[in-house]
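Some notes on the structure that comes next.
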Amino acid sequence: MTKAVRVRFAPSPTGPLHIGGVRTALFNYLFAKKHNGTFILRVEDTDQNRYVEGAEDYIVESLNWCNIPFDEGPGKNEKFGPYRQSERKHLYKQHADLLVASGNAYYAFDTAETLDFHRKDHEAKGKTFIYNWHNRLKLSNSLSLSAEETQAKLDAGDDYVIRFKSPQDETLHLTDIIRGDMTIDTNILDDKVLFKSDGMPTYHLANIVDDHLMEITHVIRGEEWLPSLALHYQLYDAFGWDKPQFAHLPLILKPTGKGKLSKRDGDKLGFPVFPLQWKDPETGEISRGYKEDGYLPDAMVNFLAFLGWNPGTEQEIFSLDELVEAFELERVHKSGARFDPDKIKWFNHHYMQFQNDDELAEAFKNSQSQLKDIDVNYVALVVGMIKERATFVSDLWDLSAFFFEAPKSYDEKSFTKIMNNDARELMSELTQVISHVSDFTVENIQTDVKAWIGKKDVGFGKVMQPLRLALVGAMQGPDVFEIIFMIGKAETVQRIENLVQTV
């Protein structure tokens with residue numbers, strides 16, 4: 001690559017950032033870092049009617065939480081700023097005027113009522129109304145009016161839009177890194193509005209102008225923008241600018257594999273579709289976020305990377321650095337990627353195992369009121385013993401409650417099966433064995449208890465099953481001797497006595 005790679009993520013601040021948007025940001029980030037390039041955040045806020053307070057901050061926080069921060073953008077390394085389109089309005093009008101002057105665009109004065117009439121008239125005849133070469137000379141615009149009539153309307157302050165003049169009888173040749181070569185017949189294209197009557201550009205004009213002025217080398221965006229590629233190619237040609245390379249990412253599909261993933265799917269099936277929790281500033285409605293639901297950013301990034309891309313190997317677990325090293329746009333699929341809520345849980349379970357025990361202990365303490373007065377170092381030891389069974393921090397209490405408080409009840413099926421008179425007698429004797437362990441270590445507890453079992457000449461399970469039931473309340477948990485050491489001699493004896501006395 002001859003030019004330094006520059007890519008951009010350009011969301012609209014119209015609400016929370018969907019995970020599809022996070023995936024787009026991630027692929028841009030990975031590509032930029034792979035080629036020692038620059039990852040840019042540009043806020044496309046030209047649609048002021050849909051602007052939502054707090055959405056821009058939410059986008060930035062989401063990128064930071066995922067550990068894919070932008071290199072250049074609002075308030076950061078602003079060498080090509082400003083990075084909010086609402087602050088660049090003067091540039092778009094200048095460029096729209098250049099297109100009119102070169103004959104590649106024109107003023108259109110048609111009212112909404114007139115256009116609505118034409119649409120309905122076409123529908124009644126079984127046709128579709130398209131504003132282009134076929135009918136533009138019959139409508140009210142600077143192509144059908146004289147220069148004097150056009151100027152008079154402009155001087156009078158008549159409302160107008162600026163439309164692109166799509167060519168007739170031409171074939172466009174388009175190239176996409178993911179989808180390959182495509183051809184488009186220009187006769188089917190409409191004359192898109194580039195500049196609106198409210199003085200704001202449409203996405204198409206602002207997008208092209210900003211990408212050029214910010215020296216974007218690769219446009220990596222969602223599949224929904226693929227129909228716009230023909231117009232964008234023509235705009236680059238009309239301005240006489242070099243085009244960036246384009247790559248359109250596949251859709252993220254519902255868990256069923258049919259249709260685009262939406263918030264409704266998450267609400268229905270019980271999983272978030274946003275990286276962070278979002279509170280609607282107007283309705284107060286709270287939407288769940290992956291962070292607040294207990295997911296780790298590494299798990300989310302690893303999961304999202306595989307939605308539409310694969311490394312060509314069997315490897316599934318990748319650190320962010322490994323993803324950067326392995327990522328290639330040529331390995332992104334054309335077809336949609338099915339969202340699997342169970343798969344991201346699988347990733348989260350994996351990353352839980354590599355979390356620092358001290359950090360997990362802090363999070364665990366903060367999430368559980370029963371641990372308020374417990375030494376965090378003790379909590380960390382417990383976490384290290386049981387986290388292999390956990391997917392979320394919220395799982396830790398159910399897996400470890402017996403380390404902090406005695407069982408209040410016993411698994412009924414296990415109790416009925418295990419607790420007979422022989423078991424009660426063995427447990428009563430066992431309290432004496434445990435009470436007399438002198439140097440109370442895991443190894444010594446195990447040695448003394450096993451030696452006693454050997455002398456009693458009873459099956460190992462005859463002792464260990466009721467012992468586990470006494471300590472845990474169920475037939476689960478880590479090594480029994482580890483539990484005894486952790487909760488201490490007095491607590492162990494008390495729990496065994498509690499079981500013996502239970503009828």
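As the structure is a prediction and not an experimental result, all values here were calculated from the model.
Around CD of E282, the count of heavy atoms belonging to other residues, nucleotides or ligands within 6.0 Å does not exceed 12. Summarising the local packing, CD of E443 is surrounded by 12 or fewer heavy atoms from other residues, nucleotides or ligands at distances under 6.0 Å. In this structure, Q353 places its CD atom where more than 12 heavy-atom neighbours from other residues, nucleotides or ligands lie under 6.0 Å away. Within a 6.0 Å sphere centred on CG of D242, heavy atoms belonging to other residues, nucleotides or ligands number 12 at most. Heavy-atom neighbours of K279 NZ from other residues, nucleotides or ligands within 6.0 Å: at or below the threshold of 12. More than 12 heavy-atom neighbours from other residues, nucleotides or ligands sit within 6.0 angstrom of NZ on K365. Counted within 6.0 Å of CD on E412, heavy atoms from surrounding residues, nucleotides or ligands total 12 or fewer; the atom is thus considered open.
Under the salt bridge (Lys or Arg N to Asp or Glu O under 4.0 Å) criterion, E491 pairs with R495, not counting sequence neighbours. Judged as a ring pair (Phe, Tyr, Trp, His ring centres under 6.0 Å), and not counting sequence neighbours, F402 has no contacts. With sequence neighbours excluded, no residue satisfies ring pair (Phe, Tyr, Trp, His ring centres under 6.0 Å) with F403. Take V193 and apply the side chain to side chain contact (heavy atoms under 4.5 Å, CB included) test, not counting sequence neighbours, and it matches V161, R163, K196, T202. Partners of F354 by ring pair (Phe, Tyr, Trp, His ring centres under 6.0 Å), not counting sequence neighbours, listed by chain and number: H350. In this structure A32 satisfies the side chain to side chain contact (heavy atoms under 4.5 Å, CB included) test together with V7, F39, sequence neighbours excluded. Take H95 and apply the ring pair (Phe, Tyr, Trp, His ring centres under 6.0 Å) test, not counting sequence neighbours, and it matches F239, W241. Applying the salt bridge (Lys or Arg N to Asp or Glu O under 4.0 Å) test to E285 and every residue at least two apart in sequence or in another chain returns K263. S12 is linked by a side chain to side chain contact (heavy atoms under 4.5 Å, CB included) to T14, E44, counting only residues two or more places apart in sequence or in another chain. Scored by the side chain to side chain contact (heavy atoms under 4.5 Å, CB included) test, A337 finds L307 as partners (sequence neighbours excluded). Applying the salt bridge (Lys or Arg N to Asp or Glu O under 4.0 Å) rule to D280 yields no partners; only residues at least two apart in sequence or on another chain are considered.
When each of N28, T38, L320, D71 is tested with K33 by the rule side-chain contact (heavy atoms from CB on, under 4.5 Å), just one qualifies, namely D71.
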Open item on the list: S166 vs N132, test: side chain to side chain donor-acceptor pair (under 3.5 Å). Steps then yes/no.
Closed with: CA-CA 7 Å; S166 189; N132 64 5; over 6 Å; no

- [ ] Decide salt bridge (charged side-chain N to carboxylate O under 4.0 Å, His left out) for K387 and D357; before the verdict, give the C-alpha distance in whole Å, the side-chain angles of both, and the deciding distance to 0.1 Å.
- [x] CA-CA 9 Å; K387 70 179 180 181; D357 290 346; 2.8 Å; yes

Open item on the list: Is there a side chain to side chain donor-acceptor pair (under 3.5 Å) between D45 and S86? Walk through the geometry before answering.
Closed with: CA-CA 6 Å; D45 60 346; S86 59; 2.7 Å; yes

Task: Audit row: L91, L213, side chain to side chain contact (heavy atoms under 4.5 Å, CB included) steps and yes/no - done: CA-CA 10 Å; L91 296 170; L213 295 179; 4.0 Å; yes

- [ ] Assess whether ring pair (Phe, Tyr, Trp, His ring centres under 6.0 Å) is satisfied between F303 and W346, documenting all intermediate values.
- [x] CA-CA 9 Å; F303 170 72; W346 180 85; over 10 Å; no

TODO: Report the C-alpha distance between E328 and K34 in whole Å, list the side-chain angles of each, state the deciding distance to 0.1 Å, and finish with yes or no for side chain to side chain contact (heavy atoms under 4.5 Å, CB included).
DONE: CA-CA 8 Å; E328 293 177 354; K34 173 73 178 268; 3.9 Å; yes

Open item on the list: Could you walk me through whether I40 and F70 satisfy the side chain to side chain contact (heavy atoms under 4.5 Å, CB included) test, starting with their C-alpha distance in whole Å, then the side-chain angles of each, then the deciding distance to 0.1 Å, before giving a yes or no?
Closed with: CA-CA 5 Å; I40 297 152; F70 61 92; over 6 Å; no

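Under 3.5 Å, the side chains of N498 and Q494 contain a donor-acceptor pair of N or O atoms. A donor-acceptor contact under 3.5 angstrom links the side chains of S102 and N104, judged on distance only.
Sequence neighbours left out, the pairs with a member in residues 209-237 that pass salt bridge (charged side-chain N to carboxylate O under 4.0 Å, His left out) are R8-D211, R42-D210, R42-D211, R88-D210, R179-E223, D237-K243.
Side-chain contact between T183 and L174 is absent, with no heavy atoms from C-beta onward closer than 4.5 Å. Side-chain contact check for E72 versus R6: some heavy-atom pair is nearer than 4.5 Å. Under the 4.5 Å side-chain criterion, counting only non-hydrogen atoms from C-beta, P341 is not in contact with L269.
Salt bridge present: E87 and R84 bring a charged side-chain N and a carboxylate O closer than 4.0 Å.
A centroid separation of less than 6.0 Å is found between the aromatic rings of W278 and Y58.
Between Y236 and F246, the ring-plane angle classifies as perpendicular under the 30° and 60° cut-offs. In this pair, F339 and F271 present their aromatic rings parallel. The plane angle is below 30°, not in the 30 to 60° band. Between Y295 and Y290, the angle of the ring planes goes over 60°, which puts this pair in the perpendicular group of the 30/60° scheme.
In plain terms, the two heavy atoms of I68 and V22 that are nearest each other are CD1-O, 4.4 Å.
Both the sub-6.0 Å distance and the 45° axial angle are satisfied by R23 relative to the ring of F27.
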